[in-house]
Asker: 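Sharing a structure below in structure tokens format, with a few things to ask.
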Amino acid sequence: MIEIKSLYKSYPQRQGIIKKVNVPILKDIHLSIYDSETLALVGESGSGKSTLSRLILGLEDFDSGTIERKGSEKESVVFQDYTNSVNSHMTVQEIIQEPVIDQKKTRGDFEKILQEVQLPASYLSRYPHQLSGGELQRVCIARAIIAEPDLIIFDEALSSLDISVQLELMDVLIDLKQKTSITYLFITHDLSSVTYLADRVAFMKDGELIEVRAVNDLGNLSTEYARELLTAAEKLLT
Ligand SMILES: Nc1ncnc2c1ncn2[C@@H]1O[C@H](COP(=O)(O)OP(=O)(O)OP(=O)(O)O)[C@@H](O)[C@H]1O
Ligand SMILES: [Mg+2]
């Protein structure tokens with residue numbers, strides 16, 4: 001479990017030619033991420049979702065507040081920009097091997113991982129340009145799971161794929177979750193895409209976490225902004 005309390009983060013931004021001011025980006029965030037849940041983090045562009053995920057991953061410092069890990073959490077991340085997140089000169093096997101390069105993994109281990117993301121073993125010797133977008137994102141998911149993390153953060157990881165591929169990959173993630181006790185943090189600007197797999201939805205607006213609701217309780221949203229997102233998502237689904 002990860003417990004975030006009263007988290008503040010600002011970035012220095014230039015104002016005029018010389019002056020720099022600290023602009024608050026995350027304001028008083030309180031959020032618990034429970035073991036084995038799928039938590040969706042939803043909000044408009046610039047609301048601070050990726051910043052929050054970088055803080056959870058420990059990639060950046062924050063101004064104040066706490067991020068507490070109960071137990072030894074191991075995290076990995078899958079980004080939207082999958083074409084840039086892999087080295088085009090590496091084979092699929094080399095890409096998947098990266099996070100576990102110091103471990104003795106066999107060809108069989110890599111084949112097993114590919115099987116989990118539903119790719120044929122023969123793909124191990126392929127290069128990124130020989131894969132479709134959806135297949136390459138499967139490879140990125142394989143790379144994320146090979147180190148057996150407790151938490152995977154998906155930052156708009158499926159957003160640029162077409163909807164049928166998104167649904168296929170969500171099924172892969174749901175399958176994976178049934179086999180392990182992994183936790184997912186699913187970041188997206190599109191609420192309609194996450195109600196399929198999320199347990200809870202956290203809504204962000206202008207750096208604040210304005211509401212958190214169970215998916216089966218979205219009908220009782222109390223903030224105007226969250227209700228607007230839900231209405232927009234429902235329109236997309238009908
Ligand atoms: N390294 C940085 N330096 C200065 N400002 C930053 C930095 N990183 C992010 N910001 C600012 O913080 C705000 C939140 O950015 P963030 O990337 O967290 O938003 P987001 O919710 O992930 O948006 P999107 O849906 O477009 O990915 C933005 O206004 C952005 O310009
Ligand atoms: Mg982002």
Side-chain angles (χ1 to χ4, degrees), residues 2 4-31 33 38-67 75-86 133 136-137 140-141 143-144 151-163 166 169-170 173 183-198 200-213 221 223-233 235-236:
I2 296 178
I4 300 168
K5 282 187 188 153
S6 200
L7 189 70
Y8 285 81
K9 166 79 180 168
S10 60
Y11 283 118
Q13 269 166 28
R14 204 170 279 287
Q15 206 176 59
I17 303 173
I18 333 174
K19 203 175 159 203
K20 272 195 173 176
V21 290
N22 269 334
V23 178
I25 301 296
L26 296 178
K27 302 161 214 165
D28 198 22
I29 305 281
H30 291 257
L31 178 66
I33 305 174
T38 299
L39 177 66
L41 184 59
V42 180
E44 64 199 353
S45 181
S47 56
K49 306 181 297 292
S50 296
T51 302
L52 179 57
S53 76
R54 285 195 300 275
L55 299 189
I56 292 171
L57 288 165
L59 298 177
E60 280 178 36
D61 287 336
F62 39 90
D63 304 348
S64 60
T66 54
I67 300 178
E75 294 109 9
S76 30
V77 61
V78 182
F79 294 107
Q80 168 169 27
D81 194 3
Y82 44 84
T83 42
N84 282 330
S85 74
V86 299
L136 190 53
Q137 197 55 309
C140 292
I141 294 171
R143 178 176 60 181
L151 169 74
I152 304 185
I153 298 181
F154 298 90
D155 192 347
E156 304 277 9
L158 309 183
S159 308
S160 60
L161 300 166
D162 68 49
I163 190 72
Q166 285 193 25
L169 284 178
M170 286 187 196
L173 298 181
T183 309
Y184 293 147
L185 177 61
F186 217 86
I187 298 176
T188 178
H189 59 274
D190 174 18
L191 180 58
S192 65
S193 68
V194 292
T195 50
Y196 184 64
L197 91 169
R200 295 191 304 150
V201 183
F203 293 88
M204 275 194 85
K205 186 176 195 292
D206 303 330
E208 288 179 80
L209 201 69
I210 54 166
E211 186 158 5
V212 185
R213 282 271 160 196
L221 285 171
T223 56
E224 186 65 36
Y225 176 70
R227 278 203 298 267
E228 273 170 26
L229 286 186
L230 182 64
T231 312
K235 277 203 190 112
L236 270 180

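Just so you know, ligand 1 is whichever comes first in the structure, and atom 1 is the first atom listed for that ligand. The basis for the numbers below is simple: all heavy atoms, side chains too, and nothing from hydrogens, waters or symmetry mates. Positions are given from 1, in the same order as the sequence printed here.
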Asker: Taking only heavy atoms of S47 into account, list the atoms of ligand 1 that are under 4.0 Å away from them.
Answerer: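 Reading through ligand 1 atom by atom, the close ones are 19 (O), 21 (O).
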Asker: Using a cut-off of 2.8 Å, find all protein N, O or S atoms closer to the Mg ion (ligand 2) than that distance.
Answerer: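 Atoms qualifying: S50 OG.
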Asker: To the closest 0.5 Å, what do you measure between NE2 (H30) and CG (L7)?
Answerer: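 The CG atom of L7 is 9.0 Å from NE2 of H30, to the nearest 0.5 Å.
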Asker: For atom 15 (O) of ligand 1, find the nearest protein heavy atom and state the residue, atom name and distance (0.1 Å precision).
Answerer: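 Residue, atom and distance for the closest contact: T51 OG1, 3.8 Å.
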Asker: When you measure from the heavy atoms of E44 to every atom of ligand 1, does any distance fall below 4.0 Å?
Answerer: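 Yes, E44 has heavy atoms under 4.0 Å from ligand 1.
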Asker: Mind listing the closest non-hydrogen atom pair of S53 and I187 along with its distance?
Answerer: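 So the minimum-distance heavy-atom pair works out to CB-CD1, 3.5 Å.
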Asker: Does G48 have a non-hydrogen atom less than 4.0 Å from ligand 1?
Answerer: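 Yes, G48 has heavy atoms under 4.0 Å from ligand 1.
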Asker: Nearest protein heavy-atom contact for atom 27 (O) of ligand 1: which residue, which atom, what distance?
Answerer: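 Answer for atom 27 (O) of ligand 1: S50 OG, 3.9 Å.
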Asker: Rounded to the nearest 0.5 Å, what separates atom OG in S192 from atom CD1 in I163?
Answerer: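 Output value for this atom pair is 6.5 Å.
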Asker: Nearest 0.5 Å, please: how far is CG in L41 from CZ in F186?
Answerer: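 Spacing of CZ (F186) from CG (L41) equals 12.0 Å.
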Asker: Would you compute the distance between atom CD of Q166 and atom OG1 of T188 and round it to the nearest 0.5 angstrom?
Answerer: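 Atom-to-atom, Q166:CD and T188:OG1 are 7.5 Å apart.
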Asker: Looking only at protein heavy atoms, which one is nearest to atom 26 (O) of ligand 1, and what is the separation?
Answerer: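 Here the closest protein heavy atom is S45 OG, 2.5 Å.
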Asker: Using protein heavy atoms only, decide if any is under 4.0 Å from atom 19 (O) of ligand 1.
Answerer: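 Within 4.0 Å: yes, protein heavy atom nearby.
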Asker: In terms of side-chain geometry, is the basic nitrogen of E224 or R227 positioned less than 4.0 Å from the acidic oxygen of its partner?
Answerer: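 Looking at E224 and R227, the cut-off is met.
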Asker: How long is the span from the CD atom in Q137 to the CZ atom in F79, to the nearest 0.5 Å?
Answerer: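 It comes to 11.0 Å.
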Asker: Compare every heavy atom of L31 with every heavy atom of A202, then report the nearest pair and how far apart it is.
Answerer: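 Result for this residue pair: CB-CD1, 4.4 Å.
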Asker: Begin from the C-alpha positions of K9 and E60 and carry the test side-chain contact (heavy atoms from CB on, under 4.5 Å) through to its verdict.
Answerer: CA-CA 10 Å; K9 166 79 180 168; E60 280 178 36; 3.4 Å; yes
Asker: Ring centres under 6.0 Å, that's the criterion: do Y225 and F203 meet it?
Answerer: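 Ring centres of F203 and Y225 not closer than 6.0 Å.
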Asker: Which ligand 1 atoms are under 4.0 Å away from a heavy-atom of Q13?
Answerer: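 Atoms satisfying the 4.0 Å criterion: 4 (C), 5 (N).
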Asker: Just to be sure I'm reading this right: ignoring hydrogens, which of V23, I187, I25, L26 gets closest to atom 13 (C) of ligand 1? Compare them by their nearest heavy atoms.
Answerer: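 It is I25 whose heavy atom sits nearest to atom 13 (C) of ligand 1.
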Asker: Tell me the protein heavy atom at minimum distance from atom 9 (C) of ligand 1, and give that distance in Å.
Answerer: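 Going atom by atom, the protein heavy atom closest to atom 9 (C) of ligand 1 ends up being Y11 CE1, 3.5 Å.
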Asker: How many angstroms lie between CG in L151 and CG in L185, if you round to the nearest 0.5 Å?
Answerer: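 Nearest 0.5 Å value for the CG-CG distance: 6.5 Å.
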Asker: Tell me the nearest of E156, K49, H189 to atom 21 (O) of ligand 1, using heavy-atom distances.
Answerer: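 When every heavy atom of E156, K49, H189 is considered, K49 comes closest to atom 21 (O) of ligand 1.
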Asker: Got the closest protein heavy atom to atom 14 (C) of ligand 1, with its distance?
Answerer: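 The answer is G46 O, 3.4 Å.
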Asker: Less than 4.0 Å between atom 2 (C) of ligand 1 and some protein heavy atom, yes or no?
Answerer: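 Flag for atom 2 (C) of ligand 1 set to true, protein heavy atom closer than 4.0 Å.
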Asker: Applying a strict 4.0 Å limit to heavy atoms, is R54 in contact with ligand 1?
Answerer: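 Contact check R54 vs ligand 1: positive.
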Asker: Can you tell me if D61 has over 12 outside heavy atoms packed within less than 6.0 Å of its CG?
Answerer: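 No.
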Asker: Among E211, E228, R213, find the residue that satisfies the side chain to side chain donor-acceptor pair (under 3.5 Å) test when tested with T223.
Answerer: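 Answer to the side chain to side chain donor-acceptor pair (under 3.5 Å) test with T223 among E211, E228, R213: E211.
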